[in-house]
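Being a predicted model, the structure only gives us computed values, none of them experimental.
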Amino acid sequence: MSCITRSVLLFCIGLSSITCVAADHVEIRVADVSGAPIRGATVRVRFPNGGIVPAAVTDAEGRSTVPCVAGMQLRVQSVGFEPESRALTGCNEPAVFKLRPATVQTTITVVVTDAGVATESSGSAAQIDRTSARTVFDAVEDLSPGAFVTRRGVMGYGIADNGTGAVSLRGVGGSPNTDVLVVLGGRPDYQGEMGHPLPDFYDLSQAGTISVVEGPASVLYGTNAMGGAIEIIPREPGNKPEFQLTSSLGSYMTGQNRLWTGFRRGRGVYSLAAGVNYTNGDRPGSAFHSQDVSAGTSYTLTQIWKMSLDGNYGHFLVHDPGPVDDPLTNSAASVGRGGFSLDLANSTNSWNGYTRFFSTWGHNAITDGFLSVDRITGGRIFETVNLPHSTAVDFGADIVNYGGTANTVSGFSWGNHQINDAAGFVRGRWSANSSLLLNAGVRYQTNSQFGDLAVPEFGAIWRLAERVSLSTSISEGFRNPTIRELYLFPAPNPSLLPERMWNYQTTLQFRPSAHLTAWTTLYYASLTDQIVTLGNYPNLELLNAGKAIHKGIEANLRWNFRRRISATAGYAYLHSTNLAPLLPQNRATLAVDWDLKRMFVHLGLQAVGKRYTDVTHSTQMGGYPLASAKVNVPVRRNLDVFVMIDNLLNHRYAVLSGYPMPGVNGSGGFSIHF
């Protein structure tokens with residue numbers, strides 16, 4: 001094919017250039033997880049130089065053909081299914097996409113890309129590198145109006161009494177934050193004794209994809225996923241060696257430095273990421289410093305088998321200034337944490353899955369004298385088999401041991417406690433016809449402390465029209481009592497039972513045009529056996545005495561109303577019979593991305609409603625608007641500079657009572673990538 005023919009074919013690849021670009025074609029195949037073809041799926045292409053071509057649509061066999069350049073980004077979406085984005089490494093083989101139904105949970109996925117190379121304007125959530133997000137939890141809050149994160153300063157969430165960084169999904173999160181599970185590199189990540197994640201470890205340097213599941217995810221993940229799950233998948237390199245270094249410095253001497261590099265050689269894939277973050281803090285005594293490193297490698301053994309090893313380690317030191325009316329002096333927490341996972345994956349036309357061994361450990365020290373060492377070790381088998389008659393089945397098993405030791409510097413010890421979990425699960429999906437997909441699953445779990453339990457899920461999705469779908473689901477989630485609640489403090493009770501939650505939801509999704517996608521979810525959740533602390537100190541008691549009914553609505557809109565302008569808007573309303581402190585009933589979000597060719601502008605806005613400050617609902621904190629902006633300017637092909645401003649309106653507000661947030665603040669930096 002001549003250079004002139006290729007140039008005519010790509011027609012300057014959108015508006016980015018009229019240079020000659022060598023391109024072939026690649027076949028796109030789109031199907032559901034059972035292998036049934038999806039007709040009418042939209043395929044969007046963005047080339048490495050930022051160029052685009054008109055969207056393609058799959059035929060009755062789920063096929064389409066688009067121009068191909070190695071390294072280009074593909075995004076496939078269809079009504080009733082979760083969109084999928086992927087970088088294409090070559091043009092010789094068909095690109096196969098298997099879309100997951102948006103049935104049991106509402107899932108929002110964002111792919112972290114190099115902001116200087118491409119602008120994502122296909123209707124997905126705002127790209128993380130475009131927003132003012134500093135951490136994974138910041139990004140999660142940007143993705144869904146039903147998510148809410150508590151924080152106490154410009155950087156550093158912290159742990160212990162005044163620790164924050166608690167993420168709630170549709171009002172479910174817990175305090176400590178034990179009702180939402182974080183899955184890091186395929187392994188559950190939480191403090192083995194306390195049961196909560198440690199958000200100061202989730203640096204964007206190691207994140208390739210972040211997936212947020214709203215609603216119970218216990219059939220797949222087990223305990224702690226009662227309210228949902230956040231999955232952080234490491235970034236992988238494309239066909240060519242890649243390198244990215246991002247560095248910034250701003251108000252309060254707040255700095256962030258992220259490095260990522262990766263390459264493929266023969267059958268091997270290698271990656272390395274590192275991050276250093278720090279701040280003097282917006283209040284005296286609120287400094288924070290962290291560093292982390294992660295590495296991954298995989299090797300293709302045969303056409304069927306691949307082995308991979310991923311690991312990470314980090315340390316943070318966070319200072320706590322205390323509430324303004326009762327400040328603390330020299331209050332800090334020092335935490336070191338690491339982990340790894342070893343996988344043996346298999347893939348054929350009919351079978352795919354993996355066998356995984358993983359371990360996570362941590363060392364925690366707080367200036368009040370508390371010391372602990374915790375560990376999580378386990379294994380997981382997961383397989384998907386595609387059967388005749390448009391049927392697919394997932395099945396697997398988990399085994400986990402978690403626990404640790406806790407003591408004080410004065411010599412008092414709570415001892416060493418360990419708990420064992422074992423479970424098996426199965427999920428099935430059946431495409432009855434081109435308009436109806438049914439799914440069901442169940443998890444059976446046995447625990448050395450609590451005995452046996454089973455949780456199910458059921459769902460269905462109807463394609464009412466080519467661009468309209470209706471899905472409904474029923475699912476149950478659970479959360480086992482933590483070792484803290486059973487054996488440590490403030491009032492240990494070894495007889496506690498797991499918390500349970502039934503969730504019912506219906507989602508209407510429609511796509512009136514290729515540029516507009518909207519969906520609305522109604523949900524009803526019933527929480528029982530919640531663990532609550534009763535009485536007054538020192539006469540406290542932990543019991544399964546809590547109940548709550550959550551009813552709510554979420555509305556989302558994604559609109560590419562111009563070729564280079566896109567907007568994402570969302571609104572969430574929650575009514576609860578027992579609304580937890582600090583959680584808003586109303587939250588609205590708006591993000592606008594504008595590609596000006598030589599400048600990329602992101603504007604973000606959220607409006608948070610009033611929140612109660614305690615369980616008695618006697619006092620309230622006012623609501624607040626929060627605006628941010630980020631401007632990214634590609635100086636050269638491999639160099640960007642950016643400026644970020646947070647709290648543009650300079651609004652006085654607090655997320656945690658007694659911890660005023662900083663006014664308008666900003667930072668600037670650069671990103672080198674090749």
Side-chain angles (χ1 to χ4, degrees), residues 159-161 163 166 174-184 187-198 201 218 221-226 333-340 357-366 368-380 398-423 445-453 478-500 529-534 537-538 540-546:
I159 59 175
D161 289 343
S175 180
N177 196 194
T178 54
D179 295 340
V180 175
L181 180 67
V182 172
V183 182
L184 177 61
R187 62 183 184 271
D189 190 78
Y190 53 86
Q191 211 276 356
E193 296 154 312
M194 307 301 172
H196 58 75
L198 292 102
F201 273 116
S218 290
Y221 293 116
T223 184
N224 292 45
M226 183 173 75
S334 175
V335 178
R337 196 162 192 83
F340 74 92
F357 173 75
F358 60 86
S359 184
T360 299
W361 60 91
H363 300 264
N364 318 286
I366 304 175
D368 64 4
F370 179 80
L371 304 172
S372 73
V373 177
D374 70 283
R375 180 179 53 82
I376 306 170
T377 301
R380 179 178 175 89
D398 295 315
I399 183 169
V400 179
N401 170 270
Y402 61 94
T405 60
N407 56 277
T408 66
V409 292
S410 63
F412 178 82
S413 175
W414 284 277
N416 184 303
H417 301 281
Q418 306 287 330
I419 292 179
N420 296 312
D421 255 339
Q445 183 139 340
T446 182
N447 184 281
S448 60
Q449 179 73 26
F450 320 110
D452 304 338
L453 62 81
F478 72 95
R479 196 272 287 181
N480 288 332
T482 64
I483 288 176
R484 178 191 71 87
E485 294 165 327
L486 295 169
Y487 303 114
L488 303 186
F489 47 76
N493 182 357
S495 300
L496 292 172
L497 300 174
E499 298 181 336
R500 309 289 285 264
D529 291 329
Q530 288 183 286
I531 298 172
V532 296
T533 304
L534 303 178
Y537 183 83
L540 300 176
E541 187 176 17
L542 264 63
L543 295 174
N544 292 104

Which atom names give the shortest non-hydrogen contact between [X] and [Y], and what distance separates them?
{"X": "F450", "Y": "L496", "result": "CD2-O, 3.6 Å"}
{"X": "R484", "Y": "F489", "result": "NH1-O, 3.1 Å"}
{"X": "Q449", "Y": "L486", "result": "CG-CD1, 3.9 Å"}
{"X": "Y402", "Y": "I483", "result": "O-CD1, 4.0 Å"}
{"X": "I159", "Y": "A333", "result": "CG1-CB, 3.6 Å"}
{"X": "N177", "Y": "P197", "result": "O-CD, 3.0 Å"}

Within a radius of less than 6.0 Å around CD1 of I399, do more than 12 heavy atoms belonging to other residues, nucleotides or ligands occur?
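No, CD1 of I399 has 12 or fewer neighbouring heavy atoms, counting only those of other groups under 6.0 Å.
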
Inter-residue atom distance [X].[atom1] - [Y].[atom2], 0.5 Å rounding:
{"X": "L497", "Y": "L453", "atom1": "CG", "atom2": "CG", "value": "10.0 Å"}
{"X": "H417", "Y": "Y487", "atom1": "NE2", "atom2": "OH", "value": "7.0 Å"}
{"X": "E193", "Y": "I419", "atom1": "CD", "atom2": "CD1", "value": "10.5 Å"}
{"X": "L542", "Y": "N493", "atom1": "CG", "atom2": "CG", "value": "7.0 Å"}
{"X": "I366", "Y": "L371", "atom1": "CD1", "atom2": "CG", "value": "8.5 Å"}
{"X": "N544", "Y": "I531", "atom1": "CG", "atom2": "CD1", "value": "5.5 Å"}

Using only atom types and a distance under 3.5 Å, with no angle test, would you say the side chain of [X] pairs donor to acceptor with the backbone of [Y]?
{"X": "D374", "Y": "G192", "value": "yes"}
{"X": "T482", "Y": "G195", "value": "no"}
{"X": "E499", "Y": "P481", "value": "no"}
{"X": "R337", "Y": "H363", "value": "no"}

Given side chain to side chain contact (heavy atoms under 4.5 Å, CB included), test T408 with W414 step by step and report yes or no.
CA-CA 9 Å; T408 66; W414 284 277; 3.7 Å; yes

Starting from the C-alpha separation in whole Å, work towards a yes-or-no answer on salt bridge (charged side-chain N to carboxylate O under 4.0 Å, His left out) for R479 and D179.
CA-CA 6 Å; R479 196 272 287 181; D179 295 340; 3.4 Å; yes

May I ask you to decide whether R500 forms a salt bridge with D529, counting only side-chain N to carboxylate O separations under 4.0 Å?
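Salt bridge flag = no for D529 with R500.
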
Please walk me through it: do T446 and D452 pass side chain to side chain donor-acceptor pair (under 3.5 Å)?
CA-CA 4 Å; T446 182; D452 304 338; 2.6 Å; yes

Between R375 and S359, a side-chain donor and acceptor under 3.5 Å:
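No.
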
Side chains of N224 and T178: any donor to acceptor distance under 3.5 Å?
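No, N224 and T178 have no side-chain donor paired with an acceptor closer than 3.5 Å.
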
Working note: F201 + L184, criterion side chain to side chain contact (heavy atoms under 4.5 Å, CB included); need CA distance, chi angles, decisive distance, verdict.
CA-CA 10 Å; F201 273 116; L184 177 61; over 6 Å; no

Does [X] reach the side chain of [Y], with side-chain heavy atoms less than 4.5 Å apart?
{"X": "W361", "Y": "V373", "value": "no"}
{"X": "P188", "Y": "F358", "value": "yes"}
{"X": "Q191", "Y": "P176", "value": "no"}

Sort out for me which residue in T377, N420, D421 forms a side chain to side chain donor-acceptor pair (under 3.5 Å) with N401.
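Going through the options one by one, the only one that passes is N420.
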
If you apply the rule side chain to side chain donor-acceptor pair (under 3.5 Å), what do you find for Q445 with N447, and how did you get there?
CA-CA 7 Å; Q445 183 139 340; N447 184 281; over 6 Å; no

Aromatic ring proximity, centroids under 6.0 angstrom, H196 and Y190
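No, they do not, as the ring centres are separated by 6.0 Å or more.
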
